[in-house]
Structures are given as C-alpha cells and as structure tokens.
Amino acid sequence: MNWLNVCSVSDLQNDSGICALVNGEQVAIFYVKNTVYAVSNFDPFGNANVLSRGVVGDLKGQIVVASPLYKQHFNLATGVCLEDENVILPVYASRIENDTVQIGVTL
Amino acid sequence: MKTKPTLVVIGNGMVGQYFLSQLAESSLKETYQIVTFCEEIRPAYDRVHLSQFFAGKTADDLSLVPEGFFEQNGIRIHLNDKVISVNRANKTVSSEKGITISYDKVVFATGSYAFVPPIIGNNRPSCLVYRTIEDLEQMVAAAKTGKIGTVVGGGLLGLEAAKAVKDLGLETHVVQFAPRLMEMQMDDAGGAMLRHKIENLGIRVHTSKNTREIVAGETCVNKICFVDGEELETDLILFSAGIRPRDELARNSGLAMGARGGIEINNQCKTSDPDIYAIGECALWNGMIYGLVAPGYAMARAVISDLAGEEAHFTGADMSTKLKLMGVDVASIGDAHAKSKGAIVYTYQNGAAEIYKRLVVSSDKKKLLGAVLVGDASGYGTLLQYYLNAIELPENPDSLILPHRSDESVGLGVDALPKSAQICSCFNVTKGDICEAIEAGCKTVDDLKLSTKAATGCGGCGALLKSVLNSELTKQGYEVNTDLCEHFVFTRQELFDLIRVEEIKTFTDLIEKHGKGLGCDVCKPTVGNMLASQWNEFILENAHVGLQDTNDTFLANMQKDGTYSVVPRITGGEINPDMLIALGQVGKKYNLYTKITGGQRVDLFGARVDELPHIWKALIDAGFESGHAYGKSLRTVKSCVGSTWCRFGVDDSVGLAIELENRYKGLRSPHKIKFAVSGCTRECAEAQSKDVGIIATENGWNLYVCGNGGMKPRHGDLFATGLDKETLIKYIDRFLSFYVRTAERLQRTSVWMENMEGGLDYLKSVVIDDKLALCDQLETQMQYVIDTYQCEWKTTIEDESKLKRFRHFINSDQHDENVIFVEERGQIRPANDIERKHFRLTEVA
Ligand code: SRM
Ligand SMILES: Cc1cc2nc3c(=O)[nH]c(=O)nc-3n(C[C@H](O)[C@H](O)[C@H](O)COP(=O)(O)OP(=O)(O)OC[C@H]3O[C@@H](n4cnc5c(N)ncnc54)[C@H](O)[C@@H]3O)c2cc1C
Ligand code: SF4
Ligand code: FES
C-alpha cells in the first residue's frame with residue numbers, strides 16, 4: 001500500500017467532511033474526534049458525488065455520515081449503510097502523518 | 001329654492017371626527033349641509049396614542065382623517081378657527097375669523113382641557129400640559145435643555161405622561177396629591193404594588209404631596225415647593241391633574257350646565273336646547289363626565305340615531321380599563337373600591353412576581369362587581385365578561401384570580417375518570433371512545449384527532465386528551481418518548497430553555513452538559529438552528545459549521561446532482577428592471593437554469609459549489625442579498641400590488657410586505673416561515689395560506705396565522721383585526737418568538753398551534769393578552785435577532801478562510817465529472833441516466 005499525501009490537517013474541518021481526488025477517485029474524508037475516516041464520495045442512493053457534504057455523528061455507537069440528499073446513514077469505519085446493510089461504500093485507509101492527511105492506495 | 005338644513009359640529013377632535021365619519025356613512029349626509037369648526041391647526045388626530053409621537057410617529061401618522069374625507073363627503077371644515085359664540089335666538093354661530101353661519105342643528109364636541117391646579121407659578125417657563133401635538137412639541141423643546149422632569153398627577157394619564165418624560169431621557173418624578181397612584185382605579189394594595197413596579201423602572205414617586213408654589217430653581221429651571229416644606233428641583237413640569245370640560249361657549253350661550261361644569265345632556269345627548277347636542281368629554285350625562293373615547297363614540301352614535309328619527313339612547317358606559325403602563329399590566333373593572341353594599345373582597349398578592357389581584361363580589365358570591373389587576377392582567381377579558389353580562393360566578397370565585405400551576409391542571413387523575421366521562425364536549429367524545437381508538441392503533445394526538453374528532457373544535461380538551469393518551473399508552477406498555485434523539489433526552493423546547501437560561505453558545509457545550517455521544521443529523525441541525533435563533537451568530541463560524549444541514553453549510557439548496565440553486569432575496573416580489581437585468585446577466589454568465597418561483601422570486605439552478613461564491617459576489621455587487629432559501633427561516637413575504645396601483649387596494653400591501661420581509665429575514669425557526677400581504681379582501685397574495693397572512697381592510701390590517709400549503713394545506717386562522725402597523729408588528733414579533741421557542745423540530749406553525757393545549761385561544765391569550773407575562777422577553781429577543789442580522793453570503797465572501805470550503809476537491813481544481821447538463825427548452829438541466837452513459841461513451845471515445 002502506498003500512502004498518498006492529500007492535504008494538511010488544517011484543511012480539515014472538525015466534525016465535518018471534505019472531498020479529495022485520489023488516483024482519479026472521489027474520496028470523502030471526515031475528521032471526527034482527531035481521527036480521519038475516508039469513504040467514497042459517491043452516494044449510491046442519490047447517484048451523486050455528495051457524501052463529503054453530509055452531517056457526521058454517531059448512532060448506536062457507530063460513527064456515521066448522513067447523506068445530504070436522502071439522509072441514509074453510512075458507517076464511516078466499515079462503509080455499511082445502516083438503513084440497508086447490503087449497500088456498502090468503498091472504504092479507504094487513511095491516517096495523519098506530520099500534519100499531513102494521507103490516503104492508502106494499492107497500486 | 002329651499003336649501004338643505006345646516007348642521008354645525010363645533011370641535012374636530014376624536015369624537016367630533018367620529019361623529020362626522022358616522023354621518024358620512026349614513027343617509028343623513030344627503031339631508032344636511034355639514035360644517036365643522038376646528039380650533040387646532042390640523043384636523044382630528046389620535047389623542048389616545050399621543051405618546052407614540054415620542055416613538056417616532058408623526059402628526060400625519062396619528063391623523064384620524066382619511067385623505068380627501070371632507071371633500072368627498074361635502075363637509076366644509078374651517079381649520080384653525082374657533083367658534084366664539086352661539087346665538088340661539090338667531091340660530092347662528094360665529095367664529096374668531098369672522099365667519100357667521102345660520103344653523104339648524106349644532107353638535108358640541110369641544111372636548112376638555114387639561115386642568116392646571118391654581119398654584120402660584122404654574123405659568124412659569126417649561127410648565128406644560130399633555131393634550132395636543134403642540135404640547136408635545138413644547139415638551140421636546142423643553143427636554144432638550146433640561147435634565148429633570150416632573151409630572152404633577154399620578155392618575156392614568158399622569159403615568160403615561162411620566163413614560164413620555166422618561167423616554168425623552170429626563171430623570172423622572174411623579175408627584176401625587178392622593179396617597180396612592182391611580183387613586184380612581186386602584187385600592188391601597190394595588191396602588192402600592194403599582195408604585196413599586198414603577199419605581200423599579202427608575203421613576204421617583206412622591207405620594208400625598210401637596211404643592212404650595214412653583215418658583216425659579218437653583219440648579220434647574222423650576223423648583224416645586226410642597227406644603228410640608230420639602231422641595232423638588234425640576235426643569236420640566238407637566239400638569240396632569242385631571243380634565244375639565246370645555247364648556248365656556250355653551251355656558252355663554254345659556255345652555256344648562258352641571259354644578260361643577262359640563263354641558264348637561266339627556267339620553268339622546270340633547271342639551272337643554274332641543275336643536276343642540278353635546279358629545280364627548282364636554283358632555284355631562286347623569287352627573288358623569290367620561291374621559292374615555294368609547295363613551296364619546298357611543299354618544300355620537302346616539303346623536304346620529306336621533307337625527308335619523310330612530311330611537312336613540314346613551315345610557316352610560318363602562319369605565320373598565322386595561323392598559324400597559326411602561327410595560328406594567330394594569331386593569332380595573334367596575335367597583336374596584338368595593339363601595340357596593342355587602343360586597344365581598346378577595347385578594348391575591350404575589351410579592352415575588354409583583355402581582356396583585358382583587359375581586360369584588362356581591363354578597364351572595366354570585367356576581368362580579370369589580371376587580372383590580374396589577375402585574376398580570378391576563379384575566380381581564382374573562383372577568384370583564386363576568387362583570388358585563390352578570391354571569392354567575394364559579395363556586396369559589398377566588399379560583400378566578402389564583403394562579404393555575406400547570407402540573408395541577410394536567411395531572412387531573414385521568415385514570416380515575418370512568419369510561420363514560422365526556423372528554424371532548426364539542427364532539428361528544430368519551431374516554432371510552434378514546435381508549436377504543438388507542439386500542440385500534442392510534443399512537444399520537446394527531447391520530448386521535450383524525451379518528452375521533454376530539455380536540456378539533458374549540459380545542460379546550462386538548463390537554464385532557466393528551467393525558468388520556470399518555471396514560472393509556474403507558475398502561476399498554478408503550479414508552480411515551482419525546483426525546484429529540486438518542487443524544488438528548490429532552491424535547492426541542494426543553495433544550496431551547498437550557499440554551500437560553502444557561503446561555504449555552506455551542507453544540508459542544510450543550511452535549512457535554514446535557515447530552516451524550518457525538519450528536520447526529522437530527523440533533524446537530526436542530527441545535528444549530530436554536531443557537532442561531534437565540535444568539536444569531538454567523539452560522540458558518542467554526543463552532544457551528546459542522547452542525548448545519550447541507551443546505552446551510554453551503555448557503556444554497558443542493559439539487560439531485562450535487563449542484564446548487566441560488567435564490568437571492570426579492571423582498572415582497574418587488575424588483576426593478578436593473579436588478580432583473582443583473583439577475584439575467586449572472587444567469588447567463590454562469591449558464592444557470594432560471595425559473596420564477598412560487599414565492600415571487602427567481603431561482604438560478606445548476607451552480608457548482610466552487611461557482612457559488614463568484615455568483616454571490618456578482619449578485620451582492622448588484623445589490624442583492626441572501627434569500628435564505630436554504631435555511632429553516634423566513635422565506636418570502638408575498639405581496640399583491642395593493643393600493644398603489646390596484647383600483648381595489650385599500651392599503652400599501654407591497655410596502656408592508658417589504659418592511660416585514662426586511663424585519664424578519666434571517667430569523668432561524670423550527671421550520672420555514674412564509675408570509676403574504678394582500679391589499680384587500682380579494683386576497684391576490686393568498687395570505688390565508690401562509691404562516692403569517694395579512695389583509696388590508698378599511699379599518700386596518702387583519703392578521704391571520706398558522707396557515708400553510710404543502711402536504712397538508714390549511715387556511716390560517718383570523719388572529720386579530722383592524723390593527724395599526726405598530727400593533728401588527730408587535731403581535732408578529734411575539735408570535736414568531738413564541739413559535740421559535742416552543743415548537744418542535746420541523747413543526748410548521750399550523751401543526752404547532754394544533755398541538756398546543758388550548759389552541760388558537762391560548763395562542764391569542766399569550767400573544768395579545770400576555771397571559772404568560774412573556775411578551776417583553778419575546779419582543780426583546782426578536783429585536784435582538786433583527787439588530788444582529790447579517791447577509792450570510794456577504795459575510796462569507798468577505799472571509800477568505802470561509803471560502804476555502806467552497807471547492808469540490810481540496811487538492812484539485814477539477815470539477816465533478818458526474819455533473820453533466822443537457823439542454824432543454826433553451827436552458828440546462830441535469831442529464832438523466834441514459835444521457836449520462838451516452839455522454840461518458842462519447843467522452844472516452
Ligand atoms: C423553488 C420552489 C418551487 C418553484 O419553482 O416555484 C420550491 C422548491 C422547493 N421546495 Fe417548496 N418551493 C417553492 C415554493 C413552495 C410553496 C409555495 C409558496 O411558498 O408560496 C409551497 C407551499 C406553501 C407552504 O410552504 O406552505 C412549498 C412547499 C414545500 C414543502 C412542503 C412544506 C409543508 O409544510 O408541507 C417542502 C418540503 C419541506 O420544506 O419540508 C418544500 C421544499 C422545497 C425544496 C427545498 C425541496 C428540497 O429540499 O430540495 C425545493 C428546493 C428549491 C431549491 O432548490 O431552490 N416546499 N414550496 C418554490 C420556492 C419559493 C421561493 O421563492 O422561496
Ligand atoms: C395623552 C392622552 C392619553 C389618552 N389615553 C386614552 C385611552 O387610553 N383611552 C381612552 O379611552 N381615552 C384616552 N384619552 C382620552 C381621549 O383622548 C379623549 O376621551 C378624547 O379625545 C375625547 O374626544 P373629544 O372629541 O371629546 O375631545 P378632543 O379630542 O379634545 O377634541 C375636542 C376638539 O375641539 C376643539 N375645540 C374646542 N373648543 C372649540 C371651539 N370653540 N371651536 C372650535 N374647536 C373647538 C379642540 O381644540 C379639540 O380639537 C387620552 C387622552 C390623552 C390626552
Ligand atoms: S388583493 Fe386586492 S388590492 Fe391586491 S391586487 Fe388583488 S384586488 Fe388588488
Ligand atoms: S371540547 Fe374538544 S374540541 Fe372543544
């Protein structure tokens with residue numbers, strides 16, 4: 001796995017998301033309680049690249065994002081949709097190294 | 001040729017003008033040639049609201065005469081000309097300017113003058129009275145150079161005058177001869193409570209003070225010397241020691257007078273001369289001078305009837321009054337002093353809340369004879385009904401003045417009620433019916449309303465219905481859960497109170513103190529919204545930005561493909577050609593789909609997130625501001641063209657719509673709020689389908705509330721009629737603040753009101769009668785929000801750090817390739833799935 005530098009920690013917004021272009025893919029990156037999470041930005045229900053703009057929080061102990069279009073919730077660690085567990089978002093490895101946000105890609 | 005008989009009205013004050021307006025509406029207008037003399041330089045104006053002159057009202061605002069009134073009704077008015085004699089032998093009246101006319105009938109409406117006690121020095125500089133607009137102008141002039149003002153007289157009018165003096169920025173004193181304030185209306189305890197409250201407002205009250213003389217002051221213009229040897233330095237002195245009828249003219253013409261003045265009249269309001277009437281404050285009926293307008297108006301109507309040959313009667317008037325003196329509720333009904341024989345008195349005094357109430361009841365405890373209310377006059381309406389209609393009192397009359405604690409009334413012990421007990425009397429629904437409906441699956445009050453109709457009439461049974469529901473659900477093992485979400489075991493209203501009372505300014509603070517976990521897409525936007533309603537900080541501040549629903553975060557509405565719409569505010573739907581052109585230019589430059597919305601404005605669709613700040617910069621430069629189409633906040637105030645152009649319009653609906661939209665724009669609320677203003681009852685603005693609807697009538701604005709379109713349309717309820725603009729705005733301020741404070745999340749005003757125990761009547765009692773003594777707070781809160789308004793888009797584009805978020809990729813300037821437009825009817829629209837596939841293929845190829 002290769003770690004690609006995406007942006008700096010100061011580009012992140014606490015308890016909120018941003019979107020990055022990583023290897024031609026749209027990745028939604030969330031910053032919750034000093035941890036970064038990364039899932040696909042594509043909302044499989046609304047068919048639009050919008051998940052980074054959803055509200056984040058926790059439901060029954062899982063850290064989730066709510067789609068801004070139709071409000072389905074996705075577990076940020078596993079990508080599983082709480083309303084329909086057959087729908088699973090691609091999840092990306094992510095970490096912070098020296099104030100730089102990195103996404104792991106397998107080449 | 002026989003000309004029409006001549007009717008002369010002497011005095012064009014409040015009652016004189018009312019008489020003329022009634023005359024103009026009757027057929028008598030054709031019968032008589034009508035002439036009126038007006039001593040003042042301007043025709044009749046609203047003396048009752050004189051003090052609003054200090055709140056910025058102009059003489060024009062206070063005018064009681066519609067434009068063109070005299071011309072249109074063929075009435076001749078001699079302004080600034082006083083009648084100096086009435087010659088009853090020749091049947092002529094003569095004026096100061098030398099006009100003499102023959103009359104057939106005369107109506108005296110000369111009013112009264114402010115009584116100035118015969119104290120030495122009462123004509124010194126800055127010694128004034130409070131009766132005319134000119135008096136007020138003199139007060140303003142005197143206040144410019146003075147520091148201290150004193151009102152001599154602590155009655156109703158004196159206290160109102162004191163408020164005016166205070167508003168002028170002077171240190172204010174009230175000097176009262178009697179041992180208590182408002183001695184006519186108050187008993188000792190009520191007067192003492194009132195005094196306390198008024199002193200708390202920073203006004204010095206001196207009771208039992210007899211003024212000996214007024215001399216030149218040492219540090220001020222004047223000095224008042226009291227009989228007891230004390231002295232008071234003051235610049236302005238305002239006499240408000242009662243009124244005296246202006247009867248000199250009638251006296252000189254030999255009409256019968258009361259021993260202490262006043263033109264004597266009978267039940268037809270005729271004086272001792274059958275061709276001469278007297279009405280208003282100059283008239284003495286049954287030994288009484290009425291210093292209020294309503295009795296004067298009743299007299300005027302009696303004269304109209306008499307002239308028309310109908311049976312006329314003025315048989316006295318009720319002097320009960322309720323008013324707000326400097327924010328203090330005061331009311332007095334009937335025999336406040338318990339002078340009636342055998343009267344029984346009940347009093348309730350609450351020192352902490354500064355409330356005093358007193359009931360005077362007949363010896364058999366069946367009838368209400370009088371009442372005094374200080375600090376909380378919410379019961380006035382009910383008590384007045386008891387008094388005026390001689391309704392039999394409840395078994396324990398004091399229940400009418402004792403406070404109702406909400407826990408008592410709700411915990412009525414519904415379990416103890418038999419199945420046959422009637423819960424809703426409007427629709428005869430028993431407890432048994434309700435239990436059946438619950439067993440059949442009803443889980444909410446709304447369900448029950450639909451299936452049993454209970455609580456859909458007067459709404460009075462709402463609370464009871466809810467307790468039955470809760471108790472039954474609990475018995476069936478259901479948990480009645482009103483928590484906002486898993487993070488907060490509170491309702492929205494409870495959270496709002498916590499935020500307000502504990503002055504909580506951030507979500508983090510709130511969840512640490514009162515919640516658990518991280519929050520979610522339910523509680524975060526709700527709290528973000530409440531914080532904005534209460535503190536009105538910029539919603540994209542770092543502490544708040546993560547709370548906002550997506551639309552708020554980007555200050556635009558997200559569309560199905562992830563692009564946004566842009567809706568600038570177009571207040572009242574009014575827009576000039578240049579602004580329209582500017583909108584067109586922006587639409588063209590950014591290739592946006594443009595549409596006229598149902599809310600009388602223009603929506604521009606298809607903006608990419610990175611384009612939003614550029615588009616808004618262009619719009620703001622052109623003079624637009626955010627339309628808050630994205631927020632739970634005021635959307636539009638729709639208007640019809642109104643009196644400016646429309647041949648039917650009776651008032652300026654566009655002007656009012658714009659004013660209201662500017663007033664409430666940006667206010668965050670539990671759900672969106674829509675207004676409309678129509679210029680007449682044809683209702684082209686569809687005001688009755690809005691949360692707040694206003695319709696102009698000949699008598700003022702009619703206010704409707706709690707209507708909406710949407711999924712479950714509902715017509716608004718008539719809330720108040722014939723309002724002047726100031727009262728209208730006051731009611732709306734209170735209504736909205738109360739809604740913001742107490743509604744549940746995403747509850748439109750309609751549902752909010754329908755779920756309210758007591759419904760519309762309760763809402764009225766809170767907003768109009770200030771039953772919860774909350775109105776000051778509600779108004780203050782609204783004023784705060786108004787004062788802290790900012791255009792969120794302007795703030796955003798001026799702040800580099802906020803603009804960082806407006807890009808699709810944090811690490812690239814590319815656009816979202818999934819946003820694909822095709823053309824339809826000459827404009828863009830999002831491509832559908834088939835078109836997208838096709839587009840991708842051609843792109844790759
Ligand atoms: C643009 C417009 C339709 C149009 O092309 O005319 C519109 C468009 C939307 N309406 Fe509407 N409504 C529009 C007038 C109305 C009206 C008519 C009116 O205001 O006179 C109504 C019925 C009146 C009412 O609200 O009482 C209306 C009742 C709704 C409702 C149902 C509300 C309800 O209480 O049942 C929703 C859903 C909601 O808010 O939860 C809604 C929601 C929406 C949303 C926000 C849906 C969404 O979440 O994407 C639409 C987004 C608009 C956008 O992206 O800009 N819209 N909507 C109108 C914008 C008016 C404006 O200038 O602001
Ligand atoms: C500050 C203030 C607050 C008040 N608040 C209230 C209230 O809250 N509720 C309430 O019910 N009442 C209130 N009143 C009382 C109310 O204003 C009067 O009851 C009402 O104005 C009486 O009307 P009127 O026409 O009899 O007298 P006025 O309104 O005084 O009109 C008489 C007019 O006749 C003119 N006139 C007199 N003699 C002649 C003449 N010879 N020739 C030509 N013109 C003449 C006078 O100049 C005057 O313009 C208040 C009064 C004041 C001053
Ligand atoms: S509501 Fe009345 S005033 Fe307004 S446009 Fe219609 S007809 Fe004219
Ligand atoms: S008593 Fe139930 S609605 Fe009136």
Side-chain angles (χ1 to χ4, degrees), chain A residues 4-33 35 41-43 45-74 76 82 100-103, chain B residues 485-487 507-508 511 515-528 540 542-554 556-564 608-610 801-802 804-820 830-833 836:
Chain A
L4 295 185
N5 293 347
V6 169
C7 59
S8 96
V9 173
S10 64
D11 290 327
L12 299 176
Q13 175 77 47
N14 244 330
D15 290 329
S16 181
I18 53 151
C19 176
L21 190 59
V22 183
N23 249 1
E25 286 171 35
Q26 295 200 18
V27 180
I29 302 172
F30 301 92
Y31 193 42
V32 187
K33 294 260 160 223
T35 310
N41 192 37
F42 188 74
D43 174 352
F45 293 95
N47 291 321
N49 290 310
V50 295
L51 287 182
S52 63
R53 295 176 232 159
V55 176
V56 296
D58 64 344
L59 283 182
K60 304 191 176 73
Q62 312 178 47
I63 307 255
V64 297
V65 63
S67 160
L69 283 173
Y70 304 109
K71 311 287 170 184
Q72 291 88 356
H73 299 91
F74 300 93
L76 287 183
L82 271 61
T100 301
V101 180
Q102 298 183 323
I103 300 292
Chain B
C485 65
E486 66 173 63
H487 304 100
F507 179 81
T508 322
I511 200 161
K516 55 170 188 277
L518 300 178
C520 64
D521 59 311
V522 170
C523 60
K524 280 185 171 180
T526 307
V527 172
L540 300 188
N542 286 341
H544 307 317
V545 67
L547 306 179
Q548 312 301 337
D549 239 328
T550 315
N551 286 349
D552 289 84
T553 355
F554 291 95
N557 288 358
M558 182 183 276
Q559 304 300 312
K560 58 200 281 186
D561 60 351
T563 63
Y564 288 90
R608 293 190 319 259
V609 66
D610 56 290
S801 69
K802 299 282 174 262
K804 229 167 66 179
R805 287 177 38 257
F806 287 86
R807 47 194 302 193
H808 193 84
F809 297 114
I810 195 76
N811 58 347
S812 162
D813 285 334
Q814 286 187 41
H815 302 316
D816 179 5
E817 57 177 21
N818 199 39
V819 171
I820 301 165
N832 59 35
D833 287 348
R836 265 166 217 279

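Below, chain A is the first sequence line, B the second, and so on; all start at residue 1.
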Less than 4.5 Å apart, side chain to side chain, heavy atoms only: is that true for L518(B) and I63(A)?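 L518(B) vs I63(A): side chains touch.
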Which atoms of [X] are under 4.5 Å from chain B, going by heavy atoms: the side chain, the backbone, both sets, or neither?
X	answer
N41(A)	side chain
V64(A)	neither
K60(A)	both

[X] side chain to [Y] main-chain N or O, any donor-acceptor pair under 3.5 Å?
X	Y	answer
K560(B)	N47(A)	no
D521(B)	A66(A)	no
R805(B)	I18(A)	no
H487(B)	D58(A)	yes
Q13(A)	G546(B)	no
N811(B)	L21(A)	yes

So what's closer than 4.5 Å to chain A heavy atoms on [X]: side chain, backbone, both or neither?
X	value
V545(B)	side chain
R807(B)	neither
D816(B)	both
Q548(B)	backbone

If you count heavy-atom pairs under 4.5 Å with chain B, which of I29(A), V50(A), N49(A), D15(A) comes out on top?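 Heavy-atom pairs under 4.5 Å are most numerous for N49(A).
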